[in-house]
Amino acid sequence: MDEEFLDRVMGEVEGVGKVDEFTGQLWRRWRNLRNGNVPRPMQLGLFRSDYLVHAPGGGEPASLKQVEFNTISSSFGALSECSASLHRYLYKSTQYYAVSPHLKEVNFPVNNTTAGLAEGLAEAHKAYGVPNARILFVVQEGERNVFDQRWLEYELLEKHGIHVVRQTLHQLGESATIDPLTRILQIMPPSGLLSDGSTSVEISTVYFRAGYTPTDYPTPAYYDTRYLLESSRAIQCPSIQLQLAGGKKVQQVLTSPGVLEHFLSDAARWGADAFTSAELQELRSSWMEMWGLDEDVPGAAGAAGECSGVCKARERSAKLVLKPQREGGGNNVYKEAIPTFLDSLPVKEREAWIAMELIAAPQGLGNYLVRAGSGTEGAVKTEVISELGIFGWALFGGPDKQVKEKEVGWLVRTKGKDSNEGGVAAGFSVLDSVFLVDD
Ligand code: ADP
Ligand code: MG
């Protein structure tokens, strides 16, 4: 949340916002919020950190490497819990025909992600302090992830007695108002009336399951709606600032020498223990090499002198992925597509892209990928790669600067080994779950 750092990396004067319209639009709204001296309420993050197993061979032991860190619309927590339950149910009903000695109930770990994520939202609601306010889910037009989101809504109502309203940014452009004195955010329900007869509801927490991609903002007015929501006293999940902090460029800059150390060796600022150099090293070892395409970087192994980020990306393209400042899948450029892509990339747009070394997932693992509605014939037997996501939430900021945080569960997505992308909703992978194997 370091403002000077985020301005430098993501801002429109020095950073990615200069060349990337979407990042620039968001950053400008955040700057206007700061210039307007609006008191900043607490913020909530529902996070998911994604990992692949890296097994390059050649004597290097296999380890987990981070793919990316998500700070907005981290999805599939609830559905991952369902798939874990499905696998446990199949164990109970069939024991999987005892095909493996590892098939024991204790090896199917429980996954309570839904309760955990809902707890984060409920903590924010409680911190806001108005019990009959509601939590607003900002969703996409024709939302397909509704079947993941509804579980959170049911959990909030059943366990915490908190009501949810769902609206798109388009609807909110009409329905959201802020009281200029109290800065309370009020929403009119689309039907005009709530079940208790009132015509508007106060919002405690704004939970974005939209707003992470430029297509969610077809005109500048949509960014202004985002600004309006954030200029209220409602807790944002995430704030624009926290969304920017999750940018892929930020993840790359953190790997530069000294940057992580700068933030974590001074952990006392957040009331945490200082990180030892061994801990910093351990954290760093979970990252692949990354660099900016606009940077001067040390040359490829064995080559003398400096080579630009683009030149190095060309040399190593077979083992690289290029990523722009986007979320939601389908935006990255992989391996053999890289050289042609670099030929067509205007020089000034290089700043918006990072290069990342590919994680070498273990080979030779087989499984069945099952598609809904296609029956037994629809189960494809193939070589697969599994991606692990770890969910957590953090409630922080506000006047007393306290941080409350918790790790809450996991997601496994499995895809065919030849698919570069990883998204389930995007159509690349299927839901899976963790199965522990005794040593
Ligand atoms: P998005 O924001 O689109 O989800 P990601 O960084 O998660 O972007 O990339 C999408 C998918 O591409 C990931 O889920 C993963 O399967 C694959 N991927 C991304 N980075 C790497 C990498 N360094 N090595 C191997 N696969 C990767
Ligand atoms: Mg991803």
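Counting starts at 1 for both ligands and their atoms, following the listed order. Because the structure is a prediction, the values reported are computed rather than measured.
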Practice item. If you have a sec, work out which protein heavy atom is nearest atom 20 (N) of ligand 1 and how many Å separate them, to one decimal? Key: K323 NZ, 3.0 Å
**Study point:** Closest approach of any protein heavy atom to atom 2 (O) of ligand 1, naming residue and atom
**Key:** K248 NZ, 2.7 Å
Point to revise | W353 six-ring face occupied by R350 cation (under 6.0 Å, within 45°) | key: no
Exercise for review: Given side-chain hydrogen bond (donor to acceptor under 3.5 Å, both in side chains), test Q325 with T23 step by step and report yes or no.
Suggested key: CA-CA 7 Å; Q325 301 310 301; T23 307; 5.5 Å; no
Exercise for review: May I ask you to check if ligand 1 and G329 share an N or O to N or O distance below 3.5 Å?
Suggested key: yes
Review point. Against heavy atoms of R326, which atoms of ligand 1 measure under 4.0 Å?
Key: 2 (O)
Review point. Quick one: do the T114 and E155 side chains pair a donor with an acceptor below 3.5 Å?
Key: no
Exercise for review: Number the atoms of ligand 1 from 1 as they appear, then name those within less than 4.0 Å of a heavy atom of K415, with their elements.
Suggested key: 16 (O)
Check your understanding: In the protein, which heavy atom is nearest to atom 4 (O) of ligand 1, and how far is it?
Key -> E68 OE2, 3.1 Å
Exercise for review: Measure the distance from atom 21 (C) of ligand 1 to every protein heavy atom, then report the residue, atom name and distance (to 0.1 Å) of the closest one.
Suggested key: V321 CG1, 3.9 Å
Point to revise | Within-shell test, E327 vs ligand 1, heavy atom, strictly < 4.0 Å | key: yes
Check your understanding: Do S80 and N111 have side-chain atoms, one donor and one acceptor, less than 3.5 Å apart?
Key -> yes
Exercise for review: Examine the side chains of K248 and Q251 and answer whether a donor and an acceptor come within less than 3.5 Å of each other.
Suggested key: no
Review point. Can you list the atoms of ligand 1 that are under 4.0 Å from a heavy atom of L52?
Key: 25 (C), 26 (N)
Point to revise | Which of the ligand 1 atoms, numbered from 1, are nearer than 4.0 Å to a heavy atom of Y334 | key: 10 (C), 11 (C), 12 (O), 17 (C)
Exercise for review: Could you walk me through whether Q241 and R40 pass side-chain hydrogen bond (donor to acceptor under 3.5 Å, both in side chains), step by step?
Suggested key: CA-CA 11 Å; Q241 181 183 8; R40 310 299 310 126; 5.5 Å; no
**Study point:** For M356, atoms of ligand 1 separated by under 4.0 Å from a heavy atom
**Key:** 23 (N)
Check your understanding: Can you find an N/O atom of I359 closer than 3.5 Å to an N/O atom of ligand 1?
Key -> yes
Exercise for review: Distance to 0.1 Å, residue and atom name: give those for the protein heavy atom nearest to atom 9 (O) of ligand 1.
Suggested key: N332 ND2, 3.0 Å
Check your understanding: So which protein heavy atom does atom 17 (C) of ligand 1 come closest to, and at what separation?
Key -> N420 O, 3.2 Å
Check your understanding: For residues R226 and Y217, is any side-chain donor paired with an opposing acceptor at under 3.5 Å?
Key -> yes
Practice item. Look at the rings of Y96 and F108 and say which category their plane angle falls in: under 30° parallel, 30 to 60° tilted, over 60° perpendicular. Key: parallel
Review point. Does a side-chain N-to-carboxylate-O contact under 4.0 Å join E14 and K249?
Key: no
Exercise for review: Look at atom 11 (C) of ligand 1 and say which protein heavy atom is nearest, naming residue and atom and giving the distance to 0.1 Å.
Suggested key: G422 N, 3.5 Å
Review point. Around atom CD of E282, are there more than 12 heavy atoms of other residues, nucleotides or ligands at under 6.0 Å?
Key: no
Check your understanding: Under 3.5 Å between some N or O of ligand 1 and some N or O of D50?
Key -> no
Point to revise | Carboxylate-amine/guanidinium proximity below 4.0 Å for D216 and R209 | key: no
Review point. Mind checking whether N331 has an N or O less than 3.5 Å away from an N or O of ligand 1?
Key: no
Exercise for review: Look only at interatomic distance and state if E357 has a nitrogen or oxygen under 3.5 Å from any nitrogen or oxygen of ligand 1.
Suggested key: yes
Review point. Which residue holds the protein heavy atom closest to atom 16 (O) of ligand 1, what is that atom called, and what is the gap in Å?
Key: E387 OE1, 2.8 Å
Point to revise | Contact flag E68/the Mg ion (ligand 2), N/O/S atoms, threshold under 2.8 Å | key: yes
Point to revise | Flag for S175-Q167: side-chain donor and acceptor within less than 3.5 Å | key: yes
